[in-house]
Amino acid sequence: QVQLVESGGGLVQPGQSLRLSCAASGFTFSNYAMSWYRQAPGRERELVATISSAHSTLYVDSVKGRFTISRVNVKNTMYLQMNNLKPEDTAVYYCQRREGDYWGQGTQVTVSS
């Protein structure tokens, strides 16, 4: 079955960086578009970035120039490199396989001084 497992979250200070990983299994990873979402307390889940099977990317305006989504198909893994983190980036981050709407369990990112 489809499984998505996020890792790499943590507590960092403003301006620092984190790299999130999403390990996929149970399907042919290279064939599918994948996304990162986040949900802050009291707010709706929002799309952060998407990467297609052809590696084209899209970002929400608030992270453009700071976050980079990527994938390594031979490792069945998607990444989110997050630089210059801000307190407003604090959220639980989820990976999603867009087709079929599969989700991981999420990883917490907290940006605080």
Side-chain angles (χ1 to χ4, degrees):
Q1 71 277 22
V2 173
Q3 285 194 320
L4 301 171
V5 179
E6 301 95 336
S7 61
L11 171 63
V12 296
Q13 295 184 340
Q16 292 187 330
S17 299
L18 279 174
R19 188 178 78 159
L20 306 183
S21 299
C22 171
S25 60
F27 63 102
T28 304
F29 180 71
S30 60
N31 288 351
Y32 293 88
M34 301 290 295
S35 295
W36 286 100
Y37 281 76
R38 66 185 179 186
Q39 188 166 21
R43 302 189 67 174
E44 293 187 355
R45 193 172 294 189
E46 69 166 347
L47 176 64
V48 175
T50 295
I51 185 166
S52 74
S53 58
H55 294 244
S56 60
T57 59
L58 290 172
Y59 297 92
V60 68
D61 285 348
S62 60
V63 308
K64 285 181 179 177
R66 299 189 298 122
F67 290 11
T68 303
I69 189 172
S70 62
R71 63 193 298 163
V72 178
N73 289 336
V74 294
K75 293 186 176 181
N76 292 336
T77 302
M78 175 178 67
Y79 301 97
L80 186 68
Q81 177 66 44
M82 306 186 294
N83 297 330
N84 190 21
L85 282 160
K86 303 177 180 181
E88 52 263 42
D89 296 317
T90 295
V92 178
Y93 284 70
Y94 299 89
C95 68
Q96 183 217 37
R97 194 188 88 174
R98 298 184 65 76
E99 185 173 331
D101 198 27
Y102 291 95
W103 296 85
Q105 82 289 348
T107 186
Q108 176 71 47
V109 172
T110 303
V111 185
S112 175
S113 55

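Residue pairs meeting the salt bridge (charged side-chain N to carboxylate O under 4.0 Å, His left out) criterion with at least one partner in residues 101-113, sequence neighbours excluded, do not occur; the list is empty. For the salt bridge (charged side-chain N to carboxylate O under 4.0 Å, His left out) condition, the pairs that include at least one residue of residues 12-41, sequence neighbours left out, are R38-E46, R38-D89.
Here the straight-line distance linking atom CE of M78 with atom CG of N76 works out to 12.0 Å at 0.5 Å rounding. Taking OG1 of T57 as the reference point, atom NZ of K64 lies at 10.0 Å (rounded to 0.5 Å). Distance CG/L47 to CD/Q96: 8.0 Å, rounded to 0.5 Å. Atom CG in L4 sits 13.0 Å away from atom OH in Y94 (nearest 0.5 Å). Atom CE of residue M34 and atom SG of residue C22 lie 4.5 Å apart, to the nearest 0.5 angstrom.
Within the 3.5 Å criterion, the main-chain N or O of E99 finds a donor-acceptor partner in the side chain of R97. Under a 3.5 Å cut-off, the side chain of T28 and the backbone N or O of N31 do not form any donor-acceptor pair. Judged by distance alone, the side chain of T90 and the main-chain N or O of V111 form a donor-acceptor pair under 3.5 Å. Between the side chain of Q105 and the backbone N or O of E6 there is at least one donor-acceptor pair closer than 3.5 Å.
Within the 4.5 Å cutoff, the side chain of S112 has no heavy atoms near those of the P87 side chain.
The same ILVMFWY cluster, assembled from side-chain heavy atoms under 4.5 Å apart, contains both V12 and V63. In the hydrophobic clustering of ILVMFWY residues, with side-chain heavy atoms under 4.5 Å counting as a link, L80 and W103 come out apart. L20 and V92 are not part of a single hydrophobic cluster, where members link through side-chain heavy atoms under 4.5 Å apart.
Other residues, nucleotides and ligands place more than 12 heavy atoms under 6.0 Å from the CD atom of E88.
Note on ring orientation: taking the six-membered ring where Trp is involved, the planes of Y93 and F67 are tilted (angle from 30° to 60°).
Heavy-atom minimum distance, F29 versus A24: CD1-CB, 3.5 Å. Looking at every heavy atom in both residues, N83 comes nearest to S17 through OD1-OG, 2.9 Å. Nearest approach of W36 to I69, heavy atoms of both residues: CD1-CD1, 3.6 Å. Closest of all the heavy-atom pairs between T110 and Q108 is OG1-NE2, 3.3 Å. A pairwise comparison of heavy atoms in S53 and S30 identifies CB-O, 3.3 Å as the closest pair. Closest heavy-atom contact between S21 and T77: CB-CG2, 4.3 Å.
Cation-pi check for R71 over Y79 is not met; the charged atom does not lie both under 6.0 angstrom from the ring centroid and within 45 degrees of its normal.
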CA sep, side-chain torsions, deciding dist, call: M82, L18, side chain to side chain contact (heavy atoms under 4.5 Å, CB included): CA-CA 5 Å; M82 306 186 294; L18 279 174; 3.8 Å; yes
